[in-house]
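Before any comments, here is the structure.
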Number of protein chains: 2
Amino acid sequence: MKMMTIGKAAGKAGVGVETVRFYERQGLIEQPPKPINGGYRDYPEETVLRIRFIRQAQELGFSLREIAELLSLNADPSTDCADVRERAQGKLMEVERKIAQLDRMRLALERLIAACPGQGALKACSIIEALKGGEGVAAKPTQDKETTP
Amino acid sequence: MKMMTIGKAAGKAGVGVETVRFYERQGLIEQPPKPINGGYRDYPEETVLRIRFIRQAQELGFSLREIAELLSLNADPSTDCADVRERAQGKLMEVERKIAQLDRMRLALERLIAACPGQGALKACSIIEALKGGEGVAAKPTQDKETTP
DNA sequence: CTTGACACCGTACTATTATACGGAGTGTAG
DNA sequence: CTACACTCCGTATAATAGTACGGTGTCAAG
């Protein structure tokens with residue numbers, strides 16, 4: 001039977017061997033047991049999928065800690081369902097917020113592209129305006145007390 | 001006239017003073033000139049907007065380097081329009097890819113939440129499957145040569 | 001049975017993104 | 001005019017996410 005060593009697994013997932021080991025140390029993926037008689041570990045296909053998930057999620061702005069939380073939703077069909085549900089709902093809200101923000105950015109970029117070759121009136125569309133609404137979850141800005149007495 | 005010191009600007013943007021200085025050093029925001037007779041710098045409102053944009057974009061998975069690229073699209077109505085347009089189109093594709101990925105994750109989370117309280121058949125929906133399609137731009141996985149000779 | 005590529009493992013180094021510290025200067029409320 | 005908070009600037013330290021290195025062990029092709 002074909003044996004998947006760490007190098008093969010890393011290759012299939014598109015990362016380096018050291019990265020796989022790093023994720024193991026962080027508890028993001030499980031290290032397969034070392035064969036009883038010594039020798040090389042055999043990685044299951046699932047590890048490859050997990051690593052790919054991790055990389056994709058990173059590109060979407062999740063930290064490894066957050067990704068661990070996402071993966072934990074997946075991992076335990078045995079654990080308290082209501083708890084998983086609640087955490088999933090939190091993540092869902094986060095995801096929806098990101099989608100909304102990206103959609104604003106998409107619109108801004110589209111406007112920018114549209115405005116570009118037509119006339120010189122490029123000044124009209126500011127990328128910065130794109131993400132105006134939808135505050136991040138933490139660290140609210142201090143209120144600007146209006147000079148309107 | 002009201003003067004916005006670095007602390008005020010940082011507060012309005014929801015970051016610390018040190019972070020503002022850091023962004024200045026990175027060239028993400030411009031440091032206002034020091035008043036001729038010494039004293040404190042006066043930050044324009046635009047700086048606050050830029051900082052907020054930076055934080056939002058970071059949550060969407062852009063690095064500071066990428067954010068600098070995004071901001072540069074905004075900055076120069078004078079520069080070569082075709083170039084700006086091209087870069088904007090690249091960013092747009094990136095944004096659309098992210099949206100698609102997040103949409104998959106959203107669906108997976110919704111399925112997870114829906115599957116949760118009904119029956120114990122939670123096993124059915126794997127978060128990991130959510131991001132299957134849509135490879136990241138770089139680092140393609142090595143091809144798994146099928147054992148089908 | 002040797003040789004070369006890779007696994008194993010611990011430790012060290014790097015890049016990115018901040019945060020903290022310390023000493024001197026500045027602005028303002030009382 | 002003094003106390004206190006805040007700015008300024010340079011340097012130091014930290015957290016996150018890897019990446020590299022070096023010595024030893026293992027496997028498999030020739």
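Order of the sequence lines fixes the chain letters, A, B, ..., with proteins taken first and strands second; residue numbering starts at 1 for each chain.
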Distance in angstrom units between A/N37 CG and C/dC8 C1', rounded: 15 Å
- prompt: With sugar-phosphate meaning primed atoms plus P, OP1 and OP2, does B/R41 contact a base, only sugar-phosphate, or nothing at under 4.0 Å between heavy atoms?
  reply: sugar-phosphate
field: Length of the CZ-P vector between A/R21 and C/dC9, whole Å
entry: 7 Å
query: Hey, does B/R65 reach any base, or is it just sugar-phosphate, or nothing, if we go heavy atoms under 4.0 Å?
result: sugar-phosphate
query: More than 12 non-hydrogen atoms from neighbouring residues, nucleotides or ligands closer than 6.0 Å to CD on B/Q26, yes or no?
result: yes
query: Along DNA chain D, 5' to 3', what are the outermost nucleotides having an atom less than 4.0 Å from a heavy atom of chain B?
result: D/dC6 to D/dC9
message: Whether A/K91 and A/E94 form a salt bridge (side-chain N of Lys/Arg under 4.0 Å from carboxylate O of Asp/Glu) is what I want to check.
response: yes
- prompt: For DNA chain D, whose closest nucleotide is more 5', that of A/Y23 or that of A/G38?
  reply: A/Y23
- prompt: What integer distance in Å separates B/L64:CG from C/dT17:P?
  reply: 4 Å
query: Can you name the salt bridge (Lys or Arg N to Asp or Glu O under 4.0 Å) partners of B/E24, sequence neighbours left out?
result: none
- prompt: So, for B/L112 and A/A88, which heavy atoms are closest and what is the spacing to 0.1 Å?
  reply: CD2-CB, 4.0 Å
task: Using atom CG of B/D42 as one end and atom C1' of C/dT26 as the other, report the distance to the nearest whole Å.
output: 15 Å
- prompt: Base, sugar-phosphate, or nothing: which does A/E66 touch, judged by heavy atoms less than 4.0 Å apart?
  reply: nothing
Contact nearer the 5' end of DNA chain C, comparing A/V17 with B/G39: A/V17
statement: Of A/Q26 and A/Y40, the one whose closest nucleotide on DNA chain D sits nearer the 5' end is A/Q26
- line: Note: B/R87 and B/E69 closest approach over all heavy atoms is NH1-O, 4.2 Å
task: Provide the closest heavy-atom pair for B/M105 versus A/L60 in the form atom of the first, atom of the second, distance.
output: CE-CD1, 4.3 Å
- request: List the steps and the verdict of side-chain contact (heavy atoms from CB on, under 4.5 Å) for B/E46 and B/R50.
  value: CA-CA 6 Å; B/E46 199 231 331; B/R50 271 178 95 93; 3.5 Å; yes
- prompt: Of B/F62 and A/E18, whose closest DNA chain C nucleotide lies nearer the 5' terminus?
  reply: A/E18
task: Find the distance B/R25:CZ to C/dT16:P and express it as a whole number of Å.
output: 15 Å
